[in-house]
There are 2 protein chains.
Amino acid sequence: MLESLYLNLGQHDALSDAEKALLAGAMTFERHFATGQDIVASGSRPTYSTLILDGLAARYKVLENGGRQFTSLQVAGDFVDLHAFLLKTMDHGIVALSPCHVIFADHSRLRAITEEASHLTRLLWLDTLVDGAIHREWIVAMGRRSKTSHLAHLVCELFVRLQVVQRTNGMSFHLPLSQAELADVLGLSVVHMNRVIGALRKVGVVNWANHTVTILDWHRLQEIAEFDPTYLSMMREPR
Amino acid sequence: MLESLYLNLGQHDALSDAEKALLAGAMTFERHFATGQDIVASGSRPTYSTLILDGLAARYKVLENGGRQFTSLQVAGDFVDLHAFLLKTMDHGIVALSPCHVIFADHSRLRAITEEASHLTRLLWLDTLVDGAIHREWIVAMGRRSKTSHLAHLVCELFVRLQVVQRTNGMSFHLPLSQAELADVLGLSVVHMNRVIGALRKVGVVNWANHTVTILDWHRLQEIAEFDPTYLSMMREPR
DNA sequence: GCCAGGCATTAACATTTGTTAGAGTGCACT
DNA sequence: AGTGCACTCTAACAAATGTTAATGCCTGGC
């Protein structure tokens, strides 16, 4: 059940069986969310953190003019709101972008982990630090990359992250995002989003149809994106 | 010496004297950096984390075309690279934007804190989570705010953060950033940065001269920015 | 099979933002 | 006082991006 979490945390450092048991023991009940449903509401003060077992979700903020911006995409094995364990109040919402199967980890049990299992605590902390590293990469992409490069970077990042939790299929992966939703990731209008996707298709490095992305030329895609996976900390080493 | 750190961490939850002593015990030597010097190099693997005692620094990445993007601004009381304690490898650089007085905290002693002081560990973790929350707010600003609103938001954020560590003077604060550097924060060209600053000046909510920002109409500035400080977690509560 | 609704795509035009170039300003150094 | 330099500010034009609107395609419900 928690395989994807073990794969996600375990990519950074070895996870012992005892630690896996502690994580499993922190879990409470499961739940399914339909596409478009809010998994966590902005302004709420959750007493548990949500782990995605399967599906795609996103953090987002909505502005007064109605504009929406996604600040992260979350896949299987990701805690969507582990930060709320200490931040307490959600300053943004989390929405299901596909049918999502999730399980909730109780904050009081996470707290017990911080008191009794320092190595596991560091791994959970690290998980939120990688989140932050991804945020920084998005800031760079939004500020200084061309839009084509930004999109290419997103494809690279998602491919690598999905590969860790075994949700890729060869060089393909499922990306159930409409162009309007993608526009809310890159901060573009829908029309321009369409142009940018067209441009990336035109260079021939990806095939993008039916919500499935197939990478045709990984090397060239990585070049266009200037993608360097260092920020994902995928090296297994003592933490 | 560590007053600004105590103020920064202590805004979220009470810091005991014992915890202050643990923090002080983690510190090793101090150092001064001149404006423009790199405090931490991209790609390095530091064995200590850097706390700013005074000055302004920034995290940044440089792209192949020479473009630079700042991903955060760090003020007194901030650890600029606490994340490197667990991420290990720096995927970005940190540069001094003013003369910086810093002190280094040894990673082995931080590790000891995670093993012996769970509440303090949570506060340090929280510190990095607030970092992440600020990143998300920047993503929203870059993607969906007008440039004027983005700039106004930055001014609000810096004012509030500097107030916590007592680096404001009434409604003024020192902001030693050239327009070119500011452009690397917002992801704009220098020319357009100049236009945007002009626009914010024109509405009359700030006075901006000699690297000093004075907020003339806080209420209106906050409105332009749609600034909601929730993300900074400034409420003191058990963590 | 027909229809309604969501989504992708394109066109025409408006607005924002970037680029290049140059003028003005203040300050450190001689 | 004169010079050089970094920074601010402006102008003119080019390129990127947004807006509005329309078209076509697919799919689920009937």
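Throughout, protein chains are lettered first and strands after them, A, B, ... in sequence-line order, and every chain is numbered starting at 1. Computed from a predicted structure; not experimentally measured.
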| task | Can you figure out which of dA8(C), dT17(D), dC9(D) approaches the side chain of Asn194(A) most closely? | result | dA8(C)

| query | Between dC7(C), dT8(D), dT17(D), which nucleotide has the shortest distance from any of its atoms to the side chain of Ser178(A)? | reply | dC7(C)

| task | Say whether His153(B) and Glu226(B), considering side chains only, have a donor N or O and an acceptor N or O under 3.5 Å apart. | result | no

| If we ignore angles and hydrogens, is there a donor and acceptor under 3.5 Å between the side chains of Arg59(B) and Thr71(B)? | no

| 5'-most by nearest nucleotide on DNA chain D - Leu188(A) or Arg195(B) | Arg195(B)

| Any side-chain donor near an acceptor of the partner, Asn210(B) and Thr212(B), under 3.5 Å | no

| Separation of atom CE in Met193(B) from atom C1' in dC7(D), rounded to whole Å | 14 Å

| Side chain of Gln179(B): nearest nucleotide among dT19(C), dC9(D), dT19(D)? | dC9(D)

| Side chain of Val191(B): nearest nucleotide among dT10(C), dA8(C), dA21(C)? | dA21(C)

| Would you say the side chains of Gln74(B) and Ser72(B) form a donor-acceptor pair under 3.5 Å? | yes

| field | Test item: His32(A) and Pro99(A) side chains (from C-beta on) under 4.5 Å apart, heavy atoms | value | no

| task | Run through Arg136(B), Glu137(B), Glu157(B) and flag the one making a side-chain hydrogen bond (donor to acceptor under 3.5 Å, both in side chains) with Tyr231(B). | result | Glu157(B)

Interface polar pairs with nucleotides 24-28 of chain D, N/O, under 3.5 angstrom:
none

